[in-house]
Amino acid sequence: MIEGVVVRVSLIGLLLACVTTAPTNKKRDWDIYSFHINSTVTSRYATTIITSRVANRIDASQEIEFHVKIPKNAFISKFRMTIEGQTYDGVVKQKEEAQRQYTQAVSHGQSAGIVSSVGRTLEEFKTSVNVAALSKVTFELTYEELLKRRLGKYELLIHARPMQPVADFKIDVHISEQPGINFLEIKGGLSTKQLANAITKTQTPAEAWVNFYPSKEQQTQCDGCGEQGLNGDLVIAYDVQRKNSIGELKESEGYFVHHFAPSDLSRIPKNVVFIIDRSGSMRGRKMEQTREALLKILGDLAEDDHFGLITFDSDVSPWKNELLQANQNNLEAAKSFAREIDARGGTDINAAVLKGTDMLNQHPREGTASILILLTDGDPTSGVTNLEQIHKNVKEAIDSKFPLYCLGFGMDVIFEFLEKMALENNGEGRRIYEDSDAAQQLQGFYEEVATPLLKDVQMVYLGGANLTQTHFSQYYNGSEIVVAGQITDNNIAEFTAEVIAISNSNKVKYSEATPSEQPIKASSDSNIQRLWAYLTVKQLLDKEVKSSGDEKEKVKKETLDLCLKYSFVTPLTSMVVTKPQGEDSQVAHKPKEGETPIESMLDTQASRAHASRVNTGLFNHNQRTSLKGHPSIKSPPGMPGPPYHHGMNYNGMSYYTPPIYGAGRGVGAGGAGVVRGYLDTGTYAFKPLPSFDQHPGMALPDMDIPVTAHPGMRQNTGWVSRDYVGLLPTEITVKAPLRVLLPADGQALPLCYDIPAELSLRLLKDPNHDFSMNGQLGEDSKGYQKIVIHYKNNQHIEINTAGIIINGGQNSYPWRNNAIHNTNRVSLILQDKDMDITIGSTWVNIMLYEKNGIKFLWPILRQRPTGDNITGIMARPPVVYEEVQGSTMKLKIQDQEVDVSKDSAVDLSVRSAPTVPCWLIPLQTALQGELADFTVTQL
Ligand SMILES: *[C@@H]1O[C@H](CO)[C@@H](O)[C@H](O)[C@H]1NC(C)=O
Ligand SMILES: *[C@@H]1O[C@H](CO)[C@@H](O)[C@H](O)[C@H]1NC(C)=O
Ligand SMILES: *[C@@H]1O[C@H](CO)[C@@H](O)[C@H](O)[C@H]1NC(C)=O
Ligand SMILES: *[C@@H]1O[C@H](CO)[C@@H](O)[C@H](O)[C@H]1NC(C)=O
């Protein structure tokens, strides 16, 4: 049902060994006699080991270098050298500590091993060691990576360039995906005709093996290969099967991973605004590529999408001031505009992003997803240029209502600034590399977000702990949501997963108890735990970018502890490579994206240290780094974390007519208090309800109360209350009842009925599961003021217009906060003005509304409890009716003809609360019983 998760595995291995004294020497005095890359992928988690065995062929000791390239997304987790039976393991340490060791090494006149960033996707790892005459050395590097699904697939990229033909050259890939492999494709420069017979692919439904064993001859004969052997990529693209909507849950040794990527949903129409930098620096090819991409992207918009275009330099020029529908005419006009975009002035990022935000805010559409995309190639130079101020302004303006994606074009951007701005607004920062394919990079990015399928995705795990990110503002077709965590006490029986989200028309929920898969075999036991650690560290590194002050330090500490525990080389840690005696340690640092690496410094130190090996490409990196000093980027103080976002609006919300007052008289029996009663249709008999606030010692007789007719007064029911003091007769007010819609169940018009305000009602009662839910209607005829849920062992949850109180204050959460409260039986998710509560098989959604300053609650039953003796006003099945022939004012309901009238009601089950037409039926018909059966004395 659901398609498999696509994992993109990027694996590049390159081994370079050269004689530093005579790199061009044809006669080899060293030999890489074996070179293996072994990649194992389980549940999209790829662990790759590169093993290189090198022999010193000469009768003197010499320096042998190991030089490989690995994907930027990967973390090195192990490095080992074996020389003459002796192993030397790298040790991961805090970066600063490692740096200190390194500095000592330098002062001892030794060289440094290092990882540096090369190009878009790779980092290179290099080290060397002195190998005795006619001896051998084995290098082994391990790195780990969670493959990311993009555009419907995962890709594992292996780049091989050993710099010489190798007699025993092997690339082995083993992929094991429990739900089954959907497709698997081998691509890349090494997948050519000449090498075709060197590649074998073996597949079973859930496993695949790819082996690439080119002969020594083949290594010199392929495209791009020569005397120096292989030089190219092997790319393995695949996707997995998705058998159920909730996706794939796997657990092992107390850890679980959940891959969620439904595709059987219809797209959510989007509102997208493109903010395009046309500052002077964009002139030339960048501008051309941007125009090219933009024209293509405009062409790909769907007709129900709405879009806006803003270009900016020091001025902000929207194409149109509002969003327009992506129809033929508008698109043609927009394309003409796009063709004319020309580079000129400064860069006012602040004003441009605020304008885009404003356009989206001004254009709310029910059931759509809004997206803001900024493309820029430089730093803010006009308008507000203070980076912190821009972050603050943008965050306030967007207010978590939609994601902002920031694309940094070229290497002159302060990537950290853009990345932080994107992360703070639920988006992502991406680098667009200045290259011939920049237009494709832009389009590729757009395609990834082109098809929103879900919004406000909340992943909930009962019995789970230490979870990775569980809220996602949007989910796009072709991507994947991955959540990992620990299972409390490894109690799999109590562990359940559910996903609540908004699809294009509905709230949707997927749920499943206990992971369906069998625990994976011993060989990959630690895999899920490491996957969890990898994902946690990745997300913490992003969180660190967003946070500041004490929070930042806390996040750093947490990240560092995990990196050290799992021995990941990250921007916070480094690997110290210890070597045989007489040689000093080397330190491998992971560069940050766009960071000016410390190589420049090391470069000089290293060359000083090893004058004989000056710049043998030790620190080369293809990246142009910005030399501009950039101010440190800090979060404004006191900035809250990303709140939940809803992106919905309250336009079109209409309410019941204002309270209608009928005046009457009643006689109280003494004392002071409030009398509440129910005013029955026609009779206007005042019958005190059990729920009235009875004054102690006061007996209230039934009273007949004359009610002054009010033109707008509902015909059938009403409600009276009366303040009285002593024995003086006072006025009784009759307030407007609450109009409630009944589920329409596919019929032309839904039914509706009026219920007296200020009653306490039984909403749902499930005796089988010891569950009940009661609600108190407000006196303002809008909705509920308070709802109380009771469940097993006297536990209760009170929901009022201020917030949620669990067990009388054990926990409480104000509305507008994001909160998740999970216990063994209850899952409660609070998102802004929306609360989902699941108890057993019952799922209730409670929304907070505010109109004219009055707040009220509205409950919606999303999933009925199982069992057939469920009672309560929300539990009644949809009423089926027939229109009575010849009469438009009569309906046949349950074999009875009842008088009805055409009226309207507000549909509070939809956030925008539209007013819909309905057949107004009498209360008793609607309830199929007496009102008293649905009231309670105590909430
Ligand atoms: C690759 O590595 C895995 C895990 O260490 C191991 O089980 C497997 O045998 C290796 N495969 C090859 C072909 O060396
Ligand atoms: C989502 O992608 C799949 C292919 O990966 C496609 O079959 C499906 O139609 C797409 N859904 C939408 C709504 O575009
Ligand atoms: C969550 O992580 C903390 C810190 O590592 C640990 O002490 C705790 O036991 C973990 N929780 C569970 C349920 O495993
Ligand atoms: C509700 O129905 C179940 C069977 O469906 C029965 O076992 C139970 O006793 C009933 N409870 C009440 C309170 O009627």
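In listed order, ligands and their atoms are each counted from 1.
Aromatic ring orientation, Trp209 versus His174: parallel (interplanar angle below 30°, classes split at 30° and 60°).
Side-chain rings of Tyr566 and Phe75 stay apart, their centers remaining 6.0 Å or farther from each other.
For atom 9 (O) of ligand 1, the nearest protein heavy atom lies 4.0 Å away or farther.
The distance from ligand 2 to the heavy atoms of Asn477 drops below 4.0 Å at these ligand atoms: 1 (C), 2 (O), 3 (C), 8 (C), 10 (C), 11 (N), 12 (C), 14 (O). The contact set between ligand 2 and Leu265, taken as ligand atoms under 4.0 Å from a residue heavy atom, comprises 13 (C). The contact set between ligand 1 and Asp172, taken as ligand atoms under 4.0 Å from a residue heavy atom, comprises 13 (C).
Annotation: atom 3 (C) of ligand 1 to nearest protein heavy atom, Asn38 ND2, 3.5 Å. For atom 5 (O) of ligand 1, the closest heavy atom belonging to the protein is Ile49 CD1, 4.0 Å. Remark: minimum distance from atom 4 (C) of ligand 1 to any protein heavy atom is reached at Thr40 OG1, 4.2 Å.
Judged by distance alone, the side chains of Tyr476 and Glu448 never bring a donor and an acceptor atom under 3.5 Å apart. In the model, Asn182 has no side-chain atom that pairs as donor or acceptor with a side-chain atom of Glu177 under 3.5 Å.
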*Please step through side-chain hydrogen bond (donor to acceptor under 3.5 Å, both in side chains) for the pair Asp172 and Tyr213, ending with a clear verdict.*
CA-CA 9 Å; Asp172 292 293; Tyr213 300 166; 2.5 Å; yes
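Geometrically, Lys296 does not engage Tyr446 in a cation-pi contact, judged by NZ or CZ lying under 6.0 Å from the ring centre and within 45° of the ring axis.
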